[in-house]
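Have a look at the structure below, then the notes.
The basis for the numbers below is simple: all heavy atoms, side chains too, and nothing from hydrogens, waters or symmetry mates.
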Amino acid sequence: GIIKPKAFAEIYTEYLNQSIIYLTNEFVSDKKWLDNFFIAAMGSFGSSELSFASDIDLVFVVSDIQNFPDIQKDFQRLLQKLKDNFSGLEIDCRLRPEGKSSQLVWDLEEYKKYFSNRARIWELQAFTKCRYVLGNIELFNSFFTYYIQTVKQKDKTLVKKEISEMRKKLYPG
């Protein structure tokens, strides 16, 4: 039969997901931080709604990052390995705190501070499409539980106001 567009997006997402898992597992097998990280998918990749214009949005999170002084370099090498293996696709890690100008890997506790203190509503909205890819699932669950608790504590009137303002910026007139 004919593959429906949604089915294609899901198949493509699963192929990319499995490729990332394979390449990352191969890369991290000898790393000291092996049990202290997770990778999450974001955006259309995170929600399995990829199109031909989609990029692969990834977030790298580590617990106790201060114990791993070379971790930023390690993840830069991992990111390059992924980019080399997905030529023609953009791998985007800008959905982290402070965007593309910040460090590539963030500590779990720093993410929690970001969610609580600095993240704007539209930034928190981006995490509605966050999905676990690989690494320490308990660490991911802690991360995502904290995110949900943070969102639940937000003033609903403020959330509605900020979403409305963002829509006006995106769709003026």
Side-chain angles (χ1 to χ4, degrees), residues 6 9-21 24-25 28 31 33-51 54-68 71-72 75 78-79 82 90-171:
K6 184 170 177 83
E10 290 170 355
I11 292 166
Y12 186 47
T13 299
E14 186 58 25
Y15 163 75
L16 293 172
N17 208 57
Q18 291 304 315
S19 298
I20 289 168
I21 290 169
T24 302
N25 280 336
V28 304
K31 303 296 186 253
W33 44 263
L34 175 63
D35 297 323
N36 289 61
F37 86 103
F38 71 85
I39 297 176
M42 302 282 288
S44 59
F45 181 52
S47 62
S48 299
E49 300 171 335
L50 289 169
S51 71
S54 296
D55 55 8
I56 301 171
D57 292 305
L58 298 175
V59 174
F60 305 120
V61 181
V62 173
S63 177
D64 302 318
I65 200 168
Q66 70 279 0
N67 295 332
F68 310 106
I71 201 156
Q72 296 295 336
F75 272 89
L78 173 59
L79 179 58
L82 294 173
E90 181 180 351
I91 299 181
D92 184 354
C93 299
R94 292 177 293 180
L95 292 175
R96 61 190 186 268
E98 319 308 332
K100 66 180 179 179
S101 62
S102 76
Q103 61 196 28
L104 180 61
V105 185
W106 278 70
D107 186 82
L108 176 63
E109 294 306 314
E110 291 301 314
Y111 249 111
K112 289 179 179 181
K113 289 178 192 173
Y114 162 72
F115 285 151
S116 295
N117 302 323
R118 298 189 325 273
R120 304 276 311 271
I121 296 303
W122 66 267
E123 291 172 301
L124 291 172
Q125 277 185 292
F127 283 88
T128 62
K129 294 184 176 187
C130 182
R131 175 180 54 79
Y132 170 82
V133 176
L134 80 150
N136 185 324
I137 187 70
E138 292 171 9
L139 193 63
F140 174 81
N141 288 338
S142 172
F143 169 87
F144 206 72
T145 298
Y146 191 84
Y147 159 74
I148 290 169
Q149 290 170 348
T150 302
V151 170
K152 285 181 177 180
Q153 293 172 0
K154 294 291 180 191
D155 179 297
K156 290 175 183 28
T157 305
L158 174 66
V159 170
K160 184 177 178 180
K161 179 181 176 230
E162 285 197 31
I163 290 172
S164 178
E165 288 173 2
M166 183 56 73
R167 286 195 56 81
K168 287 177 186 172
K169 286 180 186 177
L170 292 172
Y171 307 106

- prompt: Looking at side-chain heavy atoms only, is the closest gap between L124 and K154 below 4.5 Å?
  reply: yes

*Taking atom CZ of R167 as the centre, does the number of heavy atoms from other residues, nucleotides or ligands within less than 6.0 Å exceed 12?*
no

For K113, is there any backbone N or O sitting under 3.5 Å from a side-chain donor or acceptor partner on N117? yes

Separation between NZ (K161) and CG (L158), nearest 0.5 Å, reads 7.0 Å

Under 3.5 Å, side chain of D64 to main-chain N/O of N67, donor-acceptor pair present? no

- Is T128 reaching over with its side chain to a backbone N or O of Q125, donor-acceptor style, under 3.5 angstrom? yes

Has N136 got a side-chain atom pairing as donor or acceptor with D35's backbone, closer than 3.5 angstrom? yes

### Query
Mind checking whether S54 and F45 have side chains closer than 4.5 Å, heavy atoms only?
no

Output for pair (E49 CD, E10 CD), nearest 0.5 Å, gives 9.5 Å

Using a 4.5 Å cut-off on heavy atoms from C-beta on, say whether the side chain of F144 contacts that of I148.
yes

CD1 (I11) and CG (L50) are apart, to the nearest 0.5 Å, by 12.0 Å

* **Heavy-atom side-chain contact between V59 and C130 under 4.5 Å** => no

When every non-hydrogen atom of Q72 is compared with those of V105, the smallest separation belongs to NE2-O, 2.9 Å

When every non-hydrogen atom of C93 is compared with those of L104, the smallest separation belongs to CB-CD1, 3.7 Å

Output for pair (I71 CD1, W106 CH2), nearest 0.5 Å, gives 14.0 Å

Nearest heavy-atom contact between S48 and A9 is O-CB, 3.7 Å

Sequence neighbours excluded, the answer for salt bridge (Lys or Arg N to Asp or Glu O under 4.0 Å) partners of K112 is E109

Evaluate T24 against L82 for side chain to side chain contact (heavy atoms under 4.5 Å, CB included), listing each step before the verdict. CA-CA 8 Å; T24 302; L82 294 173; 4.3 Å; yes

**Prompt:** Which of parallel (below 30°), tilted (30 to 60°) and perpendicular (above 60°) describes F140 and F38?
**Reply:** perpendicular

- Message: Can you tell me how the ring of F115 sits relative to the ring of Y146, calling it parallel under 30°, perpendicular over 60° and tilted otherwise?
- Response: parallel

Next item on the list: For side chain to side chain contact (heavy atoms under 4.5 Å, CB included), just list the numbers for I65 and E110, CA-CA rounded to whole Å, side-chain angles, deciding distance to a tenth of an Å, and then say yes or no.
Entry: CA-CA 10 Å; I65 200 168; E110 291 301 314; over 6 Å; no

| said: Counting neighbours of OH on Y12 that are heavy atoms of other residues, nucleotides or ligands and sit closer than 6.0 Å, is the number greater than 12? | reply: no

On a heavy-atom basis, the closest approach of V133 and A40 is CG2-C, 3.9 Å

OG of S44 to CG of D57, rounded to nearest 0.5 Å, is 6.5 Å

- Item | Any donor-acceptor N/O pair, S164 side chain to K160 backbone, under 3.5 Å | no

Closest non-hydrogen contact found for D107 with S63 is OD1-C, 3.6 Å

Q) Under 3.5 Å, side chain of E123 to main-chain N/O of R120, donor-acceptor pair present? A) yes

Please determine whether a side-chain nitrogen of the Lys or Arg among K168 and E165 lies less than 4.0 Å from a carboxylate oxygen of the Asp or Glu. no

Here the gap from Q18 atom CD to L134 atom CG, rounded to the nearest 0.5 Å, amounts to 10.0 Å

Sorted by chain and number, sequence neighbours left out, side-chain contact (heavy atoms from CB on, under 4.5 Å) with K31 holds for F27, V28, W33, D74

Exercise for review: Go through the steps to decide whether V151 and F127 satisfy the test side chain to side chain contact (heavy atoms under 4.5 Å, CB included), and finish with yes or no.
Suggested key: CA-CA 10 Å; V151 170; F127 283 88; over 6 Å; no

